[in-house]
Protein chains: 2
Amino acid sequence: MAKAESNVDRLYDALRGMAAEFAFKPGERINESALAQQLNASRTPIREALNRLVAEGFLTFQSGRGFFCRPLSPEAVLDLYEARVAIECEAARLACARASDDDLAELAAWLDRIAPDYVTATDAVRLLEMDEGFHRRIVALSGNGELARLLDNLNDRVRYVRMIDLRAMQRGNAARPDMMAAHRRILDALTARDAEAAAQAMRAHIARRRDEAAQAVREAYAQLYVPDL
Amino acid sequence: MAKAESNVDRLYDALRGMAAEFAFKPGERINESALAQQLNASRTPIREALNRLVAEGFLTFQSGRGFFCRPLSPEAVLDLYEARVAIECEAARLACARASDDDLAELAAWLDRIAPDYVTATDAVRLLEMDEGFHRRIVALSGNGELARLLDNLNDRVRYVRMIDLRAMQRGNAARPDMMAAHRRILDALTARDAEAAAQAMRAHIARRRDEAAQAVREAYAQLYVPDL
DNA sequence: GCGCGCAAAATCGTATACAGATTTGCATTA
DNA sequence: TAATGCAAATCTGTATACGATTTTGCGCGC
């Protein structure tokens, strides 16, 4: 998204992207020298970026043994979904109290504008983009920068699995209108200034996907360890 | 808390502690060379630790200009309190469903054991320790490692202000029985397996302190910029 | 007196080197 | 064959150095 010019940012973005899409396999040890060569840099800035990714939960670190990719376990993914519920339900409550009528009207207009795509969109990437976009807007309306920060981080870490889940959903049946309807329901509750209903709708919307996460993790392993689909 | 042996961990812990208690003044630029000398290390490991602290929200970073202490603004502190509400209310709900009767009995016993201290404790440090201990236990009972991680981070970042708030509370009047009662109320809701009530009690408990945060921030500035009290 | 610009000093960004720790692979032995 | 121990190779941890960038301070002109 944010394209930074400086070299250190370039490295950070690259590594973050690799970690997000599991270019490092779960649990795998990360070789600093190899990365340095691959990314045309020395180990020093690479290590700085890796340290940041540790703090962000993308990687783990063992003293004396180096950096490792985070494990990809069903439990960890469920935890992330639950954390999303925590953040987003509260964000919905706050947005209910703080968003201006104009803000909500604008969000409604945005939903209307992309509505056709919800059904048309063939690739999961576009679908996920729209879904994340909606949720990010809600959090923005909460006016709480910390919640926004936390949600961005959670989304980045769970994106790989969500993508797989979305693809499965797409294959299975047309659950897309469902998603669209869920978003609309949340917005309606916000417009009605009903914090409880908004939080409930948000909870239901996320929990619905959460239940399939374990299955998605299994598919994720298949994708990661089989050459190509 | 966790005493780490390796040198890099020593540096990380030291810097994290300094950042938490605002040994760097809000907004202040951080001089790497000076830190390196002060902590008996070279700039390389210092910078690695600083990068982690950036990712954890203790510091900010500007390309080409270096590291800075996070600003201490009322808005930022309110955001942190609201994030705590998000995390802890959801944790309470989850704990309601997942904690075993034994777990809850143990927590009740712990509350009983430290009850005398709630009134006796003269120093805010001890009081804050007990309060954080209770909240950490609740999150532990939620069984969600991610929520625990997030709460630890939020607590570390808001501790300085909470401490000042607690001291003010201590001076003002004996609101300590209130705090005690609030904890008891939360536990009761958990024991009754009433998720809604638990979340509500948690929300009220945190929000009560939240409202004083702005005032605490003002006092924090006074403490930071006046030699000693 | 007040900005403006330039040069000096300070500071950051990162490559590189090397010491120490860890892992690997092989040979030896029960 | 499986286990063990040792030595070589690999990799991490950190100091150091130096070019690039930013900040500072001073002198000049208005």
Side-chain angles (χ1 to χ4, degrees), chain A residues 1-19 22-71 225, chain B residues 1-19 22-71 225:
Chain A
M1 319 254 144
K3 191 67 187 306
E5 290 309 323
S6 94
N7 189 37
V8 59
D9 290 332
R10 190 199 101 232
L11 292 175
Y12 172 73
D13 288 344
L15 289 171
R16 186 189 175 92
M18 292 171 73
F22 284 99
F24 316 114
K25 303 267 182 287
E28 185 184 61
R29 181 187 194 150
I30 291 170
N31 188 320
E32 301 169 12
S33 308
L35 270 183
Q37 197 164 352
Q38 185 181 335
L39 294 175
N40 249 35
S42 74
R43 281 175 53 221
T44 310
I46 296 273
R47 279 178 62 98
E48 290 193 11
L50 292 177
N51 269 293
R52 251 151 100 162
L53 294 172
V54 167
E56 289 172 359
F58 286 101
L59 307 176
T60 64
F61 173 78
Q62 288 178 51
S63 187
R65 308 205 333 112
F67 298 88
F68 298 79
C69 183
R70 68 192 182 285
Y225 291 106
Chain B
M1 266 149 236
K3 190 69 187 309
E5 292 307 323
S6 93
N7 188 37
V8 59
D9 289 332
R10 191 199 101 231
L11 292 175
Y12 171 73
D13 288 344
L15 289 171
R16 185 190 175 92
M18 293 171 74
F22 284 99
F24 316 114
K25 304 262 180 292
E28 185 183 61
R29 181 187 194 148
I30 292 170
N31 188 321
E32 301 169 10
S33 308
L35 270 182
Q37 196 165 351
Q38 185 181 334
L39 294 175
N40 249 36
S42 74
R43 282 176 53 221
T44 310
I46 296 274
R47 281 178 61 97
E48 290 192 10
L50 292 177
N51 268 293
R52 261 198 226 193
L53 294 173
V54 167
E56 289 172 359
F58 286 100
L59 307 176
T60 64
F61 174 78
Q62 288 178 52
S63 187
R65 308 207 329 114
F67 297 89
F68 298 79
C69 183
R70 68 193 182 285
Y225 290 106

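Convention: sequence-line order gives letters A, B, ...; per-chain numbering from 1. These figures come from a predicted structure and were not determined experimentally.
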Can you pull out every ring-ring contact (aromatic ring centres under 6.0 Å, His included) where at least one residue sits in residues 26-65 of chain A? Sequence neighbours excluded, please.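 Listed once each, the pairs are A/Phe61-A/Phe67.
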
Base, sugar-phosphate alone, or nothing: which one does A/Ile46 contact when heavy atoms must sit under 4.0 Å apart? nothing

Using a heavy-atom cut-off of 4.0 Å across all strands, would you classify B/Phe61 as base, sugar-phosphate, or nothing?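 B/Phe61: backbone/sugar contact only, no base atoms under 4.0 Å.
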
Neighbours of DNA chain C within residues 32-45 of chain A, by heavy-atom distance under 4.0 Å: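 Close to the strand are A/Ala41, A/Ser42, A/Arg43, A/Thr44, A/Pro45.
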
Hey, what do you get for CE (A/Met18) to CG (A/Leu39), rounding to the nearest 0.5 Å? 6.0 Å

Looking at CZ of A/Phe24 and CG of A/Leu53, how far apart are the two atoms once the value is rounded to the nearest 0.5 Å? 8.0 Å

All ring-ring contact (aromatic ring centres under 6.0 Å, His included) counterparts of B/Phe22, not counting sequence neighbours: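 Only B/Tyr160 meet the ring-ring contact (aromatic ring centres under 6.0 Å, His included) criterion with B/Phe22.
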
Short of 4.0 Å, heavy atom to strand atom, which residues of residues 49-59 of chain A count as contacting DNA chain D?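 Within residues 49-59 of chain A, no residue comes under 4.0 Å of DNA chain D.
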
Answer yes or no: does a side-chain N or O of B/Asn7 lie under 4.0 Å from OP1 or OP2 of D/dG13? no

Calculate the interatomic distance between [X] atom [atom1] and [N] atom [atom2]; express it in whole Å.
X	N	atom1	atom2	result
A/Phe67	D/dC11	CZ	C1'	12 Å
A/Asn31	D/dG13	CG	C1'	15 Å
B/Tyr12	D/dT14	OH	P	15 Å
B/Ile30	D/dT23	CD1	P	15 Å

Identify the heavy atoms of [X] and [Y] that sit nearest to each other, and give their distance.
X	Y	answer
B/Thr60	B/Cys69	OG1-O, 4.4 Å
B/Pro45	B/Ala41	CG-CB, 4.4 Å
B/Pro26	B/Tyr225	CD-OH, 3.6 Å

Could you tell me which residues satisfy side chain to side chain donor-acceptor pair (under 3.5 Å) with A/Ser63, sequence neighbours excluded, listed by chain and number?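 With neighbours one apart ignored, the set is B/Ser6.
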
Going by side chain to side chain donor-acceptor pair (under 3.5 Å), name the residues that satisfy it together with A/Arg65, two or more places apart in sequence or in a different chain.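 In terms of side chain to side chain donor-acceptor pair (under 3.5 Å), with neighbours along the sequence ignored, A/Arg65 is linked to A/Gln62.
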
Does any N or O in the side chain of B/Arg52 come within less than 3.5 Å of the main-chain N or O of B/Arg16, such that one atom is a donor and the other an acceptor?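 It does not hold such a pair.
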
For chain B and DNA chain C, what are the first and last nucleotides along the strand, 5' to 3', with at least one atom under 4.0 angstrom from a heavy atom of the protein chain?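 Contact boundaries, 5' end first: C/dT11 to C/dT14.
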
5' precedence on DNA chain C between A/Arg65 and B/Arg47 (nearest-nucleotide basis):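 Per heavy-atom nearest nucleotide, the more 5' residue is B/Arg47.
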
Reading DNA chain C from 5' onward, which residue's closest nucleotide shows up sooner: B/Gly64 or A/Gly64?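 In this pair, the answer is B/Gly64.
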
In short, side-chain hydrogen bond (donor to acceptor under 3.5 Å, both in side chains) pairs touching residues 30-41 of chain B with sequence neighbours left out are B/Glu32-B/Arg43, B/Glu32-B/Arg47

Stems in DNA chain C: runs of 3 or more consecutive Watson-Crick or G-U pairs, distances under 3.5 Å? C:1-30 with D:1-30

So do the side chains of A/Leu15 and A/Leu59 get within less than 4.5 Å of each other, counting heavy atoms only?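 No, too far: nothing below the 4.5 Å cut-off.
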
